Protein chains: 2
Amino acid sequence: MSTEHVERREIPDATVNRLPVYLRVLNERAAMGQERISSEALAEQAGVSSAKLRKDLSALGSYGVRGVGYDIVTLADHVAGALGLEREWSVAIVGMGNLGRALTTYGGIGVKGFDIKWLIDDDPRVVGTDVGGRVIVPFEALRPEPGEGVIGIIATPATAAQQVADRLVVAGVRSILNFAPTVLTVPADVQVRGVDMAGELQILAFREQHSRLARSRTTKELLA
Amino acid sequence: MSTEHVERREIPDATVNRLPVYLRVLNERAAMGQERISSEALAEQAGVSSAKLRKDLSALGSYGVRGVGYDIVTLADHVAGALGLEREWSVAIVGMGNLGRALTTYGGIGVKGFDIKWLIDDDPRVVGTDVGGRVIVPFEALRPEPGEGVIGIIATPATAAQQVADRLVVAGVRSILNFAPTVLTVPADVQVRGVDMAGELQILAFREQHSRLARSRTTKELLA
DNA sequence: GTCTGTGAAGGTATTCACAGCC
DNA sequence: GGCTGTGAATACCTTCACAGAC
């Protein structure tokens, strides 16, 4: 914590997209009790080249020690700080079907920095029931406090997605993660990221087809 | 169908990543009975610039008509063909918890070109039970035929993911979509794409924090 | 006149390779 | 000696602007 530095470099988009992977690896290693890691080892784990990793990290500042490597906890703090995880973000999941339930109980979201604050569904049969120890509320209950950072997750069928997006925007949400297979139209000051599962399959199919599997030596996961 | 052309241009990675979005919009419009569309309108719907869209499409070949636009059905066929969706791909979903069930019943995957052929779980309590009209089988049942293209989806907890990946590789799967929040290690001829929900939230948090919301005029969804 | 297809220009990201510091 | 941080070189992607086809 306490990144009271100047923090004045523009972090490139491509770098931002990779920071979560680095953070995950760092947290895993920290949990294992490891204290230091080299750019080579961290890059290997994250599935990128070590040069790319060092370039990425140097955009946040100079937190490594030459000849030694990076202190895992320190680096994890700085990466988390750069991502804006010092403040707490509230998450509203809209659509409490299988997918919404899965996202709620799934370990990936209730992670440091994010608080699943609202589970929303308008079906009166599920409102009031429990999912993972949280109560499902109707849309009207989504009333962020002034200044509260809210991320809305759309887990409804495609047919309802645009309408949900509109209501999220009206409620003041400026960041949306869309799991429905539709393109959303929102005002320019609202950002949308879409997770398109069919698209992911199609991209895999393309690559296997063209056996464009020329990849890093021992291939690791890659994002985007 | 019948893309017996030469089809000899290298399609850039960035383009491949966008083709699924175009295909989705084209299919939506085709379902609405629309016959033609301009690069401007298609780009608007897909959330990209029209120049980018035309460059992307021209990498597949020259399927538009100057002064007129694109024939929606023809173009959709060619995009699908480029993505390798002429042949049928088999999908195996491993892990039949909430997430696996959601992915199975979710409309996004049982789409043209993909056949959810195996629902896999090793918990004897769920093996034999039904999800969306399909029976859950144990891992041993995953026996692809020679030449069959299989995509494995990992929907297990993070702790089991690497082990599942290993077993998929042994079974001959060369394309994996990983929903577990872990980095997987696989041989170089196996490709992995990871859907990292925590990562998506973190990227949204970063962008809202830095209000890097300078975007296209009427912003649409953007992938990656 | 309209709208696609595409060279050329401009911008971003990645890789290389080594200087700088422990 | 070892490993980070970074300019320089390269590769890739996007935007511009217009020639070419209808």
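Please read all numbers here as calculations on a predicted model, not as lab measurements. Every chain is numbered from 1, with letters handed out A, B, ... down the list of sequences.
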Residue mapping more 5' on DNA chain C - nearest nucleotide basis, A:Ala14 or A:Val65: A:Ala14
Length of the CD-P vector between B:Glu10 and D:dC12, whole Å: 11 Å
Below 4.0 Å: OP1/OP2 of C:dT14 and any side-chain N or O of A:Arg18: yes
Validation row: B:Leu184, B:Ile154 side chains within 4.5 angstrom (heavy atoms): yes
Heavy-atom pair of closest approach, residues A:Trp118 and A:Glu148: CH2-OE2, 3.7 Å
Nucleotide D:dG5, atom C1' - distance to NE2 of A:His78 in whole Å: 16 Å
Nearest-angstrom distance from the residue atom CG of B:Leu53 to C1' of C:dG5: 12 Å
Closest non-hydrogen atom pair between B:Met197 and B:Phe179, with its separation: CE-CD2, 3.8 Å
Side chain B:Lys55 and base D:dT15 donor-acceptor under 3.5 Å: yes
B:Arg54 side chain reached by B:Tyr70 side chain, heavy atoms, under 4.5 Å: yes
Whole-Å distance separating the CG atom of B:Asp56 from the C1' atom of C:dG5: 13 Å
Interatomic distance, B:Leu57 CG vs C:dT6 C1' [rounded to whole Å]: 13 Å
Length of the line joining B:Leu42:CG and C:dC3:P, which is rounded to integer Å: 14 Å
B:Ser38 side chain near C:dC3 phosphate (N/O to OP1/OP2, under 4.0 Å): no
N/O donor-acceptor pair, side chain B:Arg66 with base D:dG20, under 3.5 angstrom: yes
Proximity to the side chain of B:Tyr70 - top-ranked nucleotide from C:dT4, C:dA13, C:dT14: C:dT4
base_contact_polar (D:dT15 base, B:Lys52 side chain, donor-acceptor, <3.5 Å): no
Between D:dT4 (C1') and A:Leu60 (CG): distance, integer Å: 14 Å
Heavy-atom closest contact (B:Ile153 atom, B:Leu103 atom, distance): CG2-CD1, 3.8 Å
Whole-Å distance separating the CG atom of B:Asn17 from the P atom of D:dC12: 15 Å
N or O in side chain of B:Ser39 less than 4.0 angstrom from C:dC3 OP1/OP2: no
Contact nearer the 5' end of DNA chain D, comparing A:Val68 with A:Ala51: A:Val68
